[in-house]
Amino acid sequence: MTAAPDVASSAATLVCRVEDLTPDLGVAALVGGEQVAIFLLGDGSVHCVQNLDPFSGAYVLSRGITGSRGEVPTIASPLYKQVFSLVDGTCLVTMDKSPKPGHAPDLVVHTVRLDNGAVWIDLAGDR
Amino acid sequence: MTTERIVVVGGGMVAHRFTEALRARDAEGRFSVEVLAEEPRAPYDRVALTSYFKGASPEDLHLGDPALWHDPLVTLHRDTRATGIDRDRQVVEVEGGREFGYDHLVLATGSYAWTPPTAGSELPGVFVYRTLDDVAALRHYVQERREKLGRTVRGAVIGGGLLGLEAAGALQELGATSTVIQFADRLMNLQVDEGGGEALKRLIENLGVTVRCSTATQEIKAGKDGHVGSLLFADGAEQLCDVVVFATGVRPRDELGKESGLEMGARGGVVVDDTCLTADPAVSAIGEVACIQGACIGLIAPGNTMAEIAVDRLLGGASTFPGADTAAKLKLLGVDVASFGDAFATTPGALEMVYADPVNGVYKKLVLTDDASTLLGGILVGDASAYASLRPMVGAHLPGDPAGWLLPEGAIERPNVDLPDEAGVCSCNNVSAGSIRGAVNDHDCHDLGAVKACTKAGTSCGSCLPLVKKIMATELEKSGIEVSNALCEHFSISRAQLFNAIKVSELTTFTEIIDRFGTGRGCDICKPTVGSILASLYNEHVLAGDRAALQDTNDRMMANMQKDGTYSVVPRIPGGEITPEGLITIGEVARDFGLYTKITGGQRIDMFGARLEELPKIWKRLVDEGFESGHAYGKSLRTVKSCVGSTWCRYGVQDSVGMAIALELRYRGLRSPHKLKLGVSGCARECAEARGKDVGVIATDNGWNVYVGGNGGFTPVHAQLLVEDVSDEEVFRVIDRYLMYYIRTADRLQRTAPWQQDHEGGLDRIREIVVDDSLGLGEELDAHMSRHIDTYEDEWKAVLSDPVRLRQFASFVNAPDQPDPSLAYVEQRGQRRPATPAERENGPVLIAPTTLEVRS
Ligand code: SRM
Ligand SMILES: Cc1cc2nc3c(=O)[nH]c(=O)nc-3n(C[C@H](O)[C@H](O)[C@H](O)COP(=O)(O)OP(=O)(O)OC[C@H]3O[C@@H](n4cnc5c(N)ncnc54)[C@H](O)[C@@H]3O)c2cc1C
Ligand code: SF4
Ligand code: FES
């Protein structure tokens, strides 16, 4: 988070173009060997979180359903239906379950940069 | 005003309740509390200790609001063991020599796990099961041994009571095998009788736990490396074992009381009167350490009651201990056992009423007064669904036929109980039916969360929740408050209302629908519901337009997601009839893609472990060979199960396979509020189990009987007769209308059985509508169904010819064919299955997913 901007941008990876994304249908991408989930929402914003679902241990979040809780845009895990904020990764609905041992309930959110229709993901800017 | 100093020795569950209640009620701040706790952490939920093995962290076990420990009048001293009491000087000494002076002393030191003297019990690998540190050490040891030994760890639990069975479940949760060694002749001998013990043993064995009753353990023997290696029994038998957990009972930690000269119970415990005071007016004892009314009680509910009484007395109240409810319910997934009241029928003249179904491992007993009118107690094994309702009825008149409580739910009507206000509903927290009604009526608690927060009912073991919910709903209904039937936060109307709204408005995209009838962006509840309604109404492709983003992942990928994120593939096999060529095709596809194959409970074949990016290739092969989607993923028609029928069977009176295939082809692809299953049997012997289905068709000499509203699953229900002795055409017509009427009016994820039960006027009213056409809806329902039948297309075939939709099946947007690198498998019985976390950690058995060259 404290990384200087130039370092951060040199760590960013070009994964696809916005036209490759369908609104509300997530995709998975490999960024430096790590699996991430990317979502284009109806308002044109693009969000990126870890693809690993902490409650099942499977890499499936890109295949969940997008939505909202109050004002917060969300993603629901396709396996056990936990709901996470796409803005800060907080687990908003645990379904009374705990994450798999060794996993935190909240998601890591990755920084997305849009540059002339290109989608860049920056793991150095992790929150 | 000077504050009086209270010192509590022991930082367990009851100490917590005492402190919480005191701070809640002592508004003026008369008392300050110092809690001396030997454990290194704040009091936690010991009752839920076993959840630690399911991944709960120590923080998840915290009790109540942690802010309690920051209250200026409360001080918690962790890691602080009291070593002596000087009652003359009114001080408690702790390890290290520090002293705490008190005006009033509360002993809440609980119990310790008692182990019978057994040779070898000091060996590494022997554990007890009482504190968080105990279970953490056990978990660590099992993991370590697994790595060291390179195989599954063998576990044994000595003691077959409530706690022993919980521990056995925990060992399994840790990936160890587990054997329960019980000295008595049956499991849970304190709670269940012989018949119950038999049923319980079968249930426990079904979980994969080995049970040895009437077995005394003589010695724990060391293995070669000095750790636990085996158990030697009194009968000379020996069993290999790597870890032993003792669950042989508890004894009060009464040494402080004993040494300071307080009176001890015959079997230990600090003797107190009904106000929880000892003979010394400055000393109380509460919880498991207290010997009250002649006994120490190892349950949390009476402990909490004692804490409340001690607080009440300090504040000048007059409450006394009412006696303990020793009802108990086992907290083990998949095993229902409950015992309450006079379970062993010791009351003179008591009657016992028993229902036993050995095949399903169900044993139920009610103990009643000699005139069979008043409930005294009971034992429920295998099906404890009646526990929450029955327990509070102990001592009360049981209305209606008591058999209603014993027979499987739905067999005959369960008497409707209106509990008296004073009946206890939540025994963990001592909450009566009246307090729940009060919370609803006087404190405006209109949902379960509010009632729980207000009364504390249901916040401990949770077994009373169904009853709490029922009482709440009844009260809300009485006061005319509508129990919300909103779909979710985005739609304030029910599914049935939304169905009509969409139909009438003719809107066809989610965006339009939510703008018009809802708010926000939708969620995982309303999106699939709208997707399903649109599919039922227009039968367009599930991935058409903006629909793909509405579907649950199973519908979105047209396959069932498995635990590791791969999918299963189920081609349709109508009526269960398949040619040898068809079988060969499925076999070849499964072999070429390395898929695990299994015959399903629905008479077809499931292939598991297909990766997202492989799905189109697999389906191309299947579709080319004439297969189509089996919709195993959809809330839609699944299978029509059949028996062989009159074509081969010597008893068959109609062609059940032909009828099943006709029905399956008629309704395939039909989207509905929940899944739909049908069955057809060729005679009354009912080999197809058709009455367990949403629609069951059973052959008669004159035609067919049609039954509706059957269900397997959690609450099995037999289908009820809708029409008798009808022709093929009439079978199709009544089922067309029944299904369409259900699709239009049922709630989200409501199967036909509960829909039919909840429908006003029940099945009779439904029969008037769909058979006699009393609402004049018949033609419209018929037309809707013919539209469905005429526009059916195979979803998978359609996707294979659509490059845009095919793009969805890429594993990664920037590496569309690369397999998910996290997948790992092991071989079992000649096929592969996902590796467990332990197998992943231990490495050597991992194999990469087989990706064979695929002909396409
Ligand atoms: C594969 C199969 C088990 C097997 O290996 O035999 C199976 C597997 C699943 N069943 Fe089942 N059920 C299977 C036959 C049954 C049956 C027996 C039958 O159909 O004759 C029943 C009881 C009959 C009934 O439905 O009333 C059954 C009652 C359930 C239920 C409980 C439904 C209920 O009303 O309470 C669920 C949970 C649910 O749907 O919400 C469920 C859910 C599931 C799910 C979808 C769980 C999940 O969400 O992952 C499983 C997915 C399988 C997959 O990925 O392919 N499955 N399931 C069977 C597939 C049959 C088929 O060919 O399509
Ligand atoms: C795995 C498990 C499952 C259970 N399930 C159920 C259930 O389903 N239903 C039910 O009703 N009950 C259940 N129980 C029993 C329930 O947990 C106890 O009845 C309850 O915890 C008793 O509370 P307590 O405060 O009296 O004792 P404890 O919770 O044992 O607390 C006593 C505390 O005092 C401390 N202490 C002792 N001596 C000293 C000293 N000299 N100085 C300082 N501190 C001291 C101990 O370290 C301990 O932390 C279960 C118990 C276990 C272990
Ligand atoms: S019973 Fe059905 S849902 Fe449960 S594990 Fe078996 S297949 Fe899965
Ligand atoms: S009876 Fe245990 S929480 Fe209510």
Would you give the length of the straight line joining atom [atom1] of [X] to atom [atom2] of [Y], rounded to the nearest 0.5 angstrom?
X: B:S822; Y: A:N51; atom1: OG; atom2: CG; result: 8.5 Å
X: A:L79; Y: B:M561; atom1: CG; atom2: CE; result: 5.0 Å
X: B:T553; Y: A:K81; atom1: OG1; atom2: NZ; result: 7.5 Å
X: A:L25; Y: B:R807; atom1: CG; atom2: CZ; result: 10.5 Å
X: B:Q562; Y: A:S56; atom1: CD; atom2: OG; result: 12.5 Å
X: B:N814; Y: A:D20; atom1: CG; atom2: CG; result: 10.0 Å

Going through the checks in order, is the side chain to side chain contact (heavy atoms under 4.5 Å, CB included) test met by A:R69 and B:C523? CA-CA 8 Å; A:R69 285 290 190 277; B:C523 65; 3.1 Å; yes
With side chains defined as the heavy atoms from C-beta onward, is the minimum distance between [X] and [Y] less than 4.5 Å?
X: B:V813; Y: A:C16; answer: yes
X: B:P837; Y: A:K100; answer: no
X: B:K527; Y: A:T66; answer: yes
X: A:I65; Y: B:P528; answer: yes

Which bit of [X] comes within less than 4.5 Å of chain A, counting heavy atoms only: side chain, backbone, both or neither?
X: B:Q551; result: backbone
X: B:L550; result: backbone
X: B:S811; result: backbone
X: B:P834; result: neither
X: B:D564; result: backbone

Of the backbone (N, CA, C, O) and the side chain (C-beta and beyond), which part of [X] lies under 4.5 Å from a heavy atom of chain B, both, or neither?
X: A:V27; value: side chain
X: A:A28; value: both
X: A:S62; value: backbone
X: A:V36; value: neither

Report, as yes or no, whether the 6.0 Å neighbourhood of atom CD on A:E19 holds more than 12 heavy atoms from other residues, nucleotides or ligands. yes
Between B:G522, B:P821, B:G520, the one whose heavy-atom pairs under 4.5 Å with chain A are most numerous: B:G522
Do you know which of A:G33, A:S68, A:A58 has the most heavy-atom pairs with chain B at a distance under 4.5 angstrom? A:S68
Least distance between heavy atoms, B:R556 atom then A:G64 atom: NH1-O, 3.4 Å
Under 3.5 Å donor-acceptor, B:E489 side chain and A:G70 backbone: yes
Could you go step by step and tell me if A:D24 and B:R521 meet the salt bridge (charged side-chain N to carboxylate O under 4.0 Å, His left out) rule? CA-CA 10 Å; A:D24 289 314; B:R521 297 175 204 249; 6.0 Å; no
B:D552 and A:R63: CA distance, side-chain angles, deciding distance, salt bridge (charged side-chain N to carboxylate O under 4.0 Å, His left out) verdict: CA-CA 9 Å; B:D552 238 327; A:R63 290 171 259 164; over 6 Å; no
